[in-house]
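Read the structure below first, then the notes.
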Amino acid sequence: MTNEFLAFAPISAAPAVDPARALLDEMMARVGVDGLAAALADAGLLAQVDQHAAAVRDALHQAGRQIDADGLAAYAKSIAAAAERMGRPVPQPGFAYVSGSAWLAAEWHLMRLVAVCMIAESAGLL
């Protein structure tokens, strides 16, 4: 079966996928978009996310990691894996909290991941 409208490019021309950025994109879709939108509408929530972001930066610094796509992705992956082991998986895209009050009561791991997304976004990694 062929389709005359399909365009075929050599495999070597396909852009390389950066696994770290792909993971950060996934976290943004799962919790970052909704969490950051809620935080921008609520100063108290934004302050909490800022505190989590400071803790993320400190943790990366103490581990000798850079605050770059690789460091943030490794941190996010470890938080998500620990949450999964505890029976608290990261929500799928479109299923995170949407209200500021719900985010204010969100579990620690979700707030940490929103903070990772905030750092990644402000660093131009997404």
Side-chain angles (χ1 to χ4, degrees):
M1 250 172 115
T2 62
N3 182 333
E4 62 188 75
F5 298 109
L6 289 178
F8 293 95
I11 292 175
S12 63
V17 176
D18 180 354
R21 287 181 188 254
L23 187 126
L24 292 173
D25 283 342
E26 179 184 347
M27 287 301 127
M28 183 60 95
R30 287 177 166 223
V31 296
V33 171
D34 294 325
L36 291 173
L40 291 173
D42 184 310
L45 179 58
L46 183 58
Q48 283 188 12
V49 174
D50 281 338
Q51 289 176 343
H52 280 276
V56 170
R57 288 184 191 95
D58 287 345
L60 289 173
H61 178 72
Q62 290 175 5
R65 300 292 307 249
Q66 296 293 315
I67 299 174
D68 59 7
D70 290 332
L72 289 169
Y75 186 88
K77 189 174 180 179
S78 67
I79 295 296
E84 183 76 32
R85 285 191 303 273
M86 294 184 329
R88 292 171 166 41
V90 178
Q92 292 298 315
F95 289 94
Y97 303 124
V98 291
S99 73
S101 60
W103 277 106
L104 282 167
E107 295 177 304
W108 177 89
H109 72 285
L110 295 177
M111 295 299 289
R112 257 328 135 95
L113 292 173
V114 171
V116 166
C117 292
M118 184 173 80
I119 295 167
E121 180 65 29
S122 67
L125 300 172
L126 296 172

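Keep in mind that the numbers below use all heavy atoms, side chains included, and drop hydrogens, waters and symmetry copies.
The two residues Gly32 and Cys117 come nearest to each other via the heavy atoms CA-SG, 3.7 Å. Closest heavy-atom contact between Ala69 and Ala20: O-CB, 3.5 Å. Heavy-atom minimum distance, Ala115 versus Ala53: CB-N, 3.4 Å.
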task = Test side-chain contact (heavy atoms from CB on, under 4.5 Å) on Leu60 and Gln66 and set out the steps.
result = CA-CA 7 Å; Leu60 289 173; Gln66 296 293 315; over 6 Å; no
task = I would like to know whether Leu36 and Met28 meet side-chain contact (heavy atoms from CB on, under 4.5 Å); could you show each step before the answer?
result = CA-CA 9 Å; Leu36 291 173; Met28 183 60 95; 3.9 Å; yes
task = Go through the steps to decide whether Val114 and His52 satisfy the test side-chain contact (heavy atoms from CB on, under 4.5 Å), and finish with yes or no.
result = CA-CA 8 Å; Val114 171; His52 280 276; over 6 Å; no
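For the atom pair CG of Leu113 and CD of Glu26, the computed distance is 10.5 Å after rounding to the nearest 0.5 Å. Summarising the geometry, atom NE2 belonging to His109 is positioned 7.5 Å from atom CZ belonging to Arg88; distances are rounded to the nearest 0.5 Å. Remark: Arg112 CZ to Met27 CE distance equals 15.5 Å, nearest 0.5 Å. A distance of 11.0 Å separates CG of Leu110 from CG of Asp34, quoted to the nearest 0.5 Å. In this structure, Leu104 CG and Gln48 CD are separated by 5.5 Å, a value rounded to the nearest 0.5 Å.
Put simply, the side chain of Arg30 never gets that close to the backbone of Ala96: no donor and acceptor are under 3.5 Å apart. Distance alone, capped at 3.5 Å, places no donor-acceptor pair between the Trp103 side chain and the Ala39 backbone.
Val98 and Val90 are not part of a single hydrophobic cluster, where members link through side-chain heavy atoms under 4.5 Å apart. In this structure, Leu72 is a member of the same hydrophobic cluster as Trp108, with clusters built from ILVMFWY side-chain heavy atoms closer than 4.5 Å.
Between Arg65 and Asp70, the closest side-chain pair of non-hydrogen atoms falls below 4.5 Å. Looking only at side-chain heavy atoms (C-beta outward), Leu45 and Met111 come within less than 4.5 Å of each other. Here the side chains of Lys77 and Leu23 are in contact, with some heavy-atom distance below 4.5 Å. Contact check for Pro93 versus Val33: no side-chain heavy atoms found under the 4.5 Å cut-off. Two residues are said to be in side-chain contact when any heavy atoms from C-beta on lie closer than 4.5 Å; Met118 and Asp50 meet this criterion.
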